[in-house]
Each structure stands twice: as structure tokens, then as C-alpha cells.
Amino acid sequence: RATLLREDAELAERDAFPGQMKIGREHFPLTYRFEPGEADDGVTLRCPLHLLNQLKPARLSWLVPGLQRDKIAALIGSLPKSLRRALVPVKEFAQAAHEALEASERRADESLESALARELARMSGLEIGADNFQLEKLPPHLWIRVQLFDDAGSELAASRRIEDLTERFAQRARQEFMALQADQWQRDGLQLPDLPELPEKIKTRGGHQAWPALVDQGQRVGVRVFDRPEDARVAHRDGTATLMRQALNDKWKYLRKHSGLSQPAQIAWARIEDVGELTERLRNMALYGFLDSSWSIRNRATFDRDLEGVRRDLISRYQTLSSILDGCLIRWHELGLHIESLADAVPKAYQDLRSQLDDLMYAGFIDDISADRLEDYPRYLEAIEQRLEIIEYDPRRDHDRMRDVEPFWHQYLSHLEQGYSYTAALDEFRWLLEEYRVQVFAQKLGTRHKVSPERLRRAWDEVEKSRKN
């Protein structure tokens, strides 16, 4: 802990403990305090609200040069004993790893944890990954504290987890960033003839990188400037879809009249969701399947280029999806009746199957899955059907199999019930678990990819990390 006050540091103090940190084009002020137990102990980075989304967690993980060696030692010390015992004495391994990392070229998007894991694996021959570090064991001062402030210089919040700040303030930060560029780039109420020439990236008056994109405004689109390319791409895809629907008005009207859903399927689903809303969602699913490269649409010429392919193939793609959905809706109805008949005979299996089916198909589920995932639904429903057949003649066998799935399923449901965000990590776990159900209850159907309890546990670790962040 004496690093902050060390007089004989190998690095000159201004290099070991610089007054600012450069991230992208920005220079963020740093302050230091050595007061163990205090909220601002260690390094604090001051960040104006409109630059919050410029902060990169990977860069922050490297701290400042004067604290890197201490953090490396702490990370090694946090490893499970089975790995840590091969890396003693810790101080010497930390020194060697620090020197190796200093000598190597650092990747801009790589965290200290990932780089260190790779280096330790090279040094020891062990399989070590960034997820082996038990980060909760690190003392607070080995994480940069980010202090967020508004235009008046007043503190809005401070945290050593940048994810906490982005979850609370990212949208506000984005709006403030956009507002600063509004007079130059903000446009509203555009239709296809008004589509402007949009560069993929610009430099703002303040010298920041920014990404212009179309944004959906109902029946029209607007233009906004984003501070993160991933947000710009999502918005631009939605804006492009709006213009595509305008340009494909004749196709859209045709598909409204020809939903592709049979009367039995529509009757089965009508008590869950308005069928018109369901088919509108399905049309959008078909359309979005053509928009993976929508970011390349930057003017009318590139729009027309992509429009040609969508116009040619949209109806056939929709018909393929509607055929899949039609079968799923009918089978969903049949399975639901079968499951309800088991409520008294096998209550645990009933509860598990009921919750599984309800989590697969509900009002609006089409918006929450991709077309590729919908194509897996017939297999998932067939697996449920095969499980029901086994329950009829061998409920004990089903009970034994259910014990393999139950702990993971309860983890998932509990996570949802506690109101945590539905993250990409949770989505990955959820669909791995559905594949695991197929493997356990209907193995002959095959799975999309290999899945095992160990893989599920690793996936859940990622969920836990996303929750802590």
C-alpha cells in the first residue's frame, strides 16, 4: 500500500503517477489520495458527463504505471490455490509478468486481466484465463475511481465500477453529447427523398470522434450523432428499417393481407396476443434479416443498392418464417393442453414444463429472438413432446433427468424474479440451457452446439460478472 508514497520508485513520479490519463483523443484529470478506508483512496479520474461513454473499461483496468505491479501481484494472489501454488513466490512472478507486459505491445481493447492471464499461461504452462482471477478479493485502491460531474462542475456520482455509471448515466451522457453537436447534425422528420449523405465517422468541434446515424421516428427518420459506434449501428439499423418499410409499401401491404398463418394457429394464439401485432413483428423479423450490413447505407445510392435485394426476397423470406411460426403456434397449443393434464399426477414435472413453455412463447416473444432462433423452435417443441411421452410410461426416469436441469433453470428464473437486467450473458446462458434440455430429454434430436454442465457453469459465471458490473 505504500506505493503511492514511495520515494525510491523506479519510475519518475510524474510518469508513475501522471496527472492525466489519455483515452482516445481525451485527456482525463487524475488525482491521488493515500487514505485507506476512505471513499477516494487511490486514484480518481474526473470525467465530464458528456464524455462518459468515451471511457473504456479495458483501459481503466491498467490503472497508472505506479500501481500496475501491485495490481498484478494482487491478481496472482486472487487465483484459486490450484493455480496459485505454481506461481510462487508471487512477488517474483508479479515482477516478471510486469516486465513482460511492459515490453510487449498492448492491445487497445485488452484489459490488464486478460493480458496478465495470457502472460502467466505462457510463463507457467498452465491454462489460465481472465475469469480465473477472483476480482472481488482485490482491495478498492487497485481500481480507478471515476468521478462524474456536470457542466457546473458538481459531482453527479462516483464509482470504481464504470459499468455502474454507464448503467445510470449512459443515456443522459449520450443526449448531452448529441446536444453539443445538434446545430450541425441533428435533423428530424426525414423521408426517403430527404436521405442525406452521411459519413461513417466525423470529428466534432471539440475534436471528439462521433458517428452519425439514422434514427427511427415512427413513420419518418432523423439524424443524430452518437458517441459510441455500437449505439450508432443499432440506431442506424432501426432508421434504415423505417425507410425500407416506406420503400416497400406495396410488399408490406401484401404481407398484411397474406399473413401465412392458418386459422387454427391464429385461434390458438389470439388469447395471448393480437394476431395483427404478431404478424407485424414477424414482418419486421423478416426485414431485419436483410439489414446486417445496414451501416454501409450512407446515401440514397447505397440504400437503393440494398433495397433491390430486399424487394426481391422479402416475401419468400417472410413465408418461410410464417410457415415455421404457424407450426409452432399449433404445437404450442397442443403441448399446453398436454402439460395441463399432468398438474396433479406429476406436479414437479408440470411446473418445470409449464415454466419452460411460457418462457419460450409469450406475447411479444418474436421481438426478443432472431430468425435463426425461431428456426430452432420446432426442435425445442419436439423435445418437449418427446419428454411428455416418456413421462407417460416412466415418470421416475423423467424425474432423474430433471435433476440435471433443475439447478440451472432455478438460477435463471431466480435471476429474472430479482429484476436484474437481461444481459447478453444471460441470453447466452438461457439458450445454452434450452439446448441442454434437448440433450437431456431428447438427445436424438441433436443440439445446435456442444453443451455440458461445465459449459453452463462457465456461462453462469459470465452472468454473475455482468450482474456485479
Side-chain angles (χ1 to χ4, degrees), residues 129 131 272 285 324-325 327-329 331-332 334-336 338-340 342 346-391 394-469:
D131 57 347
I272 301 298
M285 174 184 278
I324 295 171
L325 180 60
C328 289
L329 295 179
R331 196 156 207 182
W332 164 84
E334 295 170 346
L335 291 173
H338 195 162
I339 290 169
E340 288 300 319
L342 301 176
V346 280
K348 285 197 70 174
Y350 162 77
Q351 291 172 2
D352 182 58
L353 284 160
R354 183 75 264 174
S355 65
Q356 178 192 5
L357 191 60
D358 289 347
D359 198 71
L360 278 172
M361 299 179 67
Y362 49 86
F365 81 97
I366 290 293
D367 283 347
D368 295 338
I369 63 173
S370 65
D372 287 346
R373 185 64 63 190
L374 179 62
E375 291 172 356
D376 287 328
Y377 266 53
R379 181 166 51 87
Y380 296 153
L381 297 176
E382 173 62 22
I384 293 175
E385 177 67 36
Q386 291 191 17
R387 180 183 176 189
L388 288 168
E389 292 172 1
I390 291 173
I391 289 174
D394 194 351
R396 182 176 294 277
R397 181 180 173 191
D398 179 79
H399 183 269
D400 291 342
R401 289 175 170 178
M402 189 168 61
R403 285 188 297 189
D404 293 336
V405 173
E406 196 173 33
F408 298 112
W409 187 241
H410 285 174
Q411 276 183 318
Y412 169 72
L413 294 179
S414 176
H415 189 92
L416 294 179
E417 289 168 1
Q418 293 177 61
Y420 290 111
S421 299
Y422 193 91
T423 61
L426 184 62
D427 191 66
E428 172 72 12
F429 176 85
R430 189 262 173 275
W431 295 112
L432 278 176
L433 183 51
E434 197 65 37
E435 295 291 342
Y436 188 54
R437 281 183 176 276
V438 175
Q439 181 172 300
V440 170
F441 294 109
Q443 188 174 15
K444 290 183 179 179
L445 293 178
T447 57
R448 177 187 277 210
H449 34 232
K450 291 182 179 179
V451 62
S452 65
E454 179 57 34
R455 184 172 181 181
L456 282 166
R457 281 189 283 271
R458 290 198 303 269
W460 187 256
D461 287 343
E462 294 302 314
V463 175
E464 294 282 4
K465 288 178 184 177
S466 69
R467 182 165 64 183
K468 291 175 183 177
N469 290 340

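- Considering all non-hydrogen atoms of both residues, Leu456 and Leu433 come closest at CD2-N, 3.8 Å.
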Run Gln418 and Ser414 through side chain to side chain donor-acceptor pair (under 3.5 Å) and show every step you take. CA-CA 6 Å; Gln418 293 177 61; Ser414 176; 2.9 Å; yes
What verdict does the side-chain contact (heavy atoms from CB on, under 4.5 Å) test give for Leu342 and Leu388, after you've listed the backbone C-alpha separation in whole Å, the side-chain angles of each residue and the deciding distance to 0.1 Å? CA-CA 9 Å; Leu342 301 176; Leu388 288 168; 3.4 Å; yes
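- A donor and an acceptor atom, one from each side chain of Tyr422 and Asp368, are nowhere located under 3.5 Å apart.
- Looking at Arg455, its side chain does come within 3.5 Å of a backbone N or O of Lys450 through a donor-acceptor pair.
- The two residues Tyr420 and His415 come nearest to each other via the heavy atoms CB-NE2, 3.3 Å.
- Atom-to-atom distance recorded for Leu413:CG and Asp359:CG is 7.0 Å, nearest 0.5 angstrom.
- Here the shortest heavy-atom pairing between Cys328 and Tyr377 reads SG-CB, 3.6 Å.
- Counting heavy atoms from C-beta outward, Leu360 and Trp332 have side chains that stay 4.5 Å or more apart.
- Side-chain N or O atoms of Gln439 include one that pairs as donor or acceptor with a backbone N or O of Val451 at under 3.5 Å.
- Between the CG atom of Leu432 and the CG atom of Asp427 there is a distance of 9.5 Å, given to the nearest 0.5 Å.
- Pairing each heavy atom of Val438 with each of Gly446, the nearest pair is CG1-O, 3.4 Å.
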Arg430/Glu434 under salt bridge (charged side-chain N to carboxylate O under 4.0 Å, His left out): CA gap, chis, key distance, verdict: CA-CA 6 Å; Arg430 189 262 173 275; Glu434 197 65 37; 2.8 Å; yes
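- Counting all heavy atoms, side chain and backbone alike, Trp460 lies closest to Leu426 at CZ3-CD1, 4.0 Å.
- Within the 4.5 Å cutoff, side-chain heavy atoms of Ile391 are placed close to those of Val346.
- When atom types are taken as modelled, the side chain of Glu435 and the backbone of Arg448 share a donor-acceptor pair closer than 3.5 angstrom.
- The side-chain tip of Arg437 does not point at the ring of Tyr380 from less than 6.0 angstrom away and within 45° of straight on.
- Smallest separation of non-hydrogen atoms from Thr447 and Arg379: CA-NH1, 3.7 Å.
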After noting the C-alpha distance and the side-chain angles of Gln443 and Val440, does the key distance pass the side-chain contact (heavy atoms from CB on, under 4.5 Å) rule? CA-CA 6 Å; Gln443 188 174 15; Val440 170; over 6 Å; no
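- Asp400 pairs with exactly one of Arg403, Arg397, Arg396 by the salt bridge (charged side-chain N to carboxylate O under 4.0 Å, His left out) rule, that one being Arg403.
- One finds the CD1 atom of Ile272 at 10.5 Å from the CZ atom of Phe365 (value rounded to the nearest 0.5 Å).
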